[in-house]
Amino acid sequence: MLEVKQISVSYGLAPALWEVSLSVRDGKIVAIVGSNGAGKSTLMKAISGLIHPGEGTIEFDQRRIDHLPPHQVARMGIAHVPEGRRIFPHLTVIENLKMGVLPIKGQKRAQEILNNVFNLFPILAERQRQLGGTLSGGQQQMLAIGRGLMSDPKILLLDEPSLGLAPIIVDMVFEVITRLNSQGQTILLVEQNAFLSLEVAQYAYVLEVGRIVLEGEATKLIDDPHIKKAYLGE
Amino acid sequence: MLIDGLLIGGLIIVVGIGFSLCFGVMHIVDFAVGEWVMLGAYTGFILVRYFGHDPMIYLPLVFLIFCALGWAIYPLIYRAVSGKRHNPVLMGLVFTFGLSILAKGGALSVWGYHIQSITTWLSGKSLALGPLTIPALRFSGFLFGILITLLLMLFLYKTRLGITIRATAQDREMANLLGTDVRKVGALVYSLYAGVTGMSGILIGALFSIHAAMGVKYCTLAFFVVVLAGMGYVPGVIIAGLILGLLQSFVGVYIGGRYNLVALFMVMYGVLLITPKGILRRGI
Ligand SMILES: Nc1ncnc2c1ncn2[C@@H]1O[C@H](COP(=O)(O)OP(=O)(O)O)[C@@H](O)[C@H]1O
Ligand SMILES: [Mg+2]
């Protein structure tokens, strides 16, 4: 479904990604793990069109998307939930969610998805009229994911959904990720928290200073000695 | 005098809201804001001279004309502020400064130094409100300001498009990621702003007088409004517009009209020194 082929990205003269390739199959959770500054967010931005790779190609449903602007990538069915949640602080919860709806989707479908989002995160239904900026970090993360889902995406890109959250909330977010996947949602998940993401993912890539150094079935990577040493703190 | 200040405030608010939205959404500080007022005033003047009737009936037409002008000019401004420029805000400032000089120069060569005025059936009339008498024209300028502000607020807070505009002003990149064509939103905002500002020009022209350099004052006022309100915060603009209207007539009456700008500058410097983000600094 998503094929990243040999992309290189640099910020001005500073390279951030070298010849990175990855693929995500329909219905899977694929994780990218790597420490701070490895280039995970850069990879997500390249997929969603916020930055354009200097070399290589990105294909989505057999169509090249690496030259498209973000709003066109979004309309093709890629929802990027960026690092730091990026809630519109002065819009209410419901307005934030409505911003996630693509103009091309029908009203009825939008209502269905909204119900599903409220099902996943009942707290959002309770706080519909509250301003986004006044929510707690955990609630903002739920809102960010919910807003991403409103576009009924073919693939959901989650960048560090556990960052800065209390352990109980992290568990809850990961439960939702698993639940979404069991409903058929394809997810590309970026995490510093390697253990959690390898537990929910089926396949994973390890990114180190801009290069993919390891990839494989998530269950195998958990037992990989290098991973254990570098990311699982054992 | 208090009333007088509030009445002028209505028009300042209208000019200020558009100006502030432009910055919020596109990060364009439009130096040509005063020239939109000036061109609007001249357009009203010409319409009245050639077609007669009261200038008030041309408000909607002038709105449409300036919406179209704004829409036509926007791609140029967009080019100036986007791409790989190092300092887009500065580029926008320089570009619109150029536009403003062009418009001023053009107006000067067409109409010269003569000061023109627009008269409407309201000119010279006044309303009795209890013990107060209020000039009817000023009052209608105020009503116009309130009405346009209310319409803009309704649009910005109650429609999907308005919410998209506010979201774009709050986080342009995020709005883009959610499928919003932020360039189109910018074109819409700029066009709306040009239309509203040009339309206010008629009333301002009728209230005061029309000449090529009249825009400077409104450019200054628009800047002051956003300094007071913080860029892009609509309710702040309303309060700031009223404060500035009051300040203007206060200085005009007690100190003398020619100290108006000096007083405004002093207040602005004061505000900037005390609270760099504007006294009412909040979001959109
Ligand atoms: N906007 C930017 N401009 C310049 N360099 C950047 C920018 N964003 C990220 N970088 C650099 O690119 C590298 C990868 O960053 P990032 O993709 O954010 O890593 P991660 O998400 O894995 O923590 C880092 O060295 C970072 O300093
Ligand atoms: Mg990151």
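Chain naming here is simple, since letters A, B, ... match the order of the sequence lines and numbering starts at 1 in each.
Contacts between A:Val81 and chain B at a heavy-atom distance below 4.5 Å are absent for every atom of the residue. When heavy atoms are compared at a cutoff of 4.5 Å, A:Pro89 approaches chain B by way of both its backbone and its side chain. Within the 4.5 angstrom heavy-atom criterion, only side-chain atoms of A:Arg75, from C-beta onward, approach chain B.
Put simply, the side chain of B:Arg160 reaches to within 4.5 Å of the side chain of A:Val101, judged on heavy atoms. For the pair A:His71 and B:Asn176, the minimum side-chain heavy-atom distance is below 4.5 Å. Residues A:Leu91 and B:Gln170 meet the side-chain proximity criterion, which asks for heavy atoms closer than 4.5 Å. Residues A:Met99 and B:Thr180 meet the side-chain proximity criterion, which asks for heavy atoms closer than 4.5 Å.
Contact count against chain B (heavy-atom pairs under 4.5 Å) is highest for A:Pro82 among A:Gly100, A:Ser151, A:Pro153, A:Pro82.
No more than 12 heavy atoms of other residues, nucleotides or ligands shown are found within 6.0 angstrom of CD on A:Glu55. Atom CZ of A:Phe118 sits in a crowded spot, with more than 12 heavy atoms from other residues, nucleotides or ligands closer than 6.0 Å. Heavy-atom contacts from other residues, nucleotides or ligands closer than 6.0 Å to CD of A:Gln183 number more than 12.
Contacts with chain B (heavy atom to heavy atom, under 4.5 Å) involve these residues of residues 16-53 of chain A, listed by number: A:Ser48, A:Leu50.
In this structure, B:Arg166 and A:His90 approach most closely via the heavy-atom pair NH2-O, 3.3 Å. Minimum interatomic distance between A:Phe88 and B:Leu178 (heavy atoms only, all atoms of both residues): CE1-CD1, 3.8 Å. Nearest heavy-atom pair across A:His80 and B:Met174 is O-CE, 4.0 Å.
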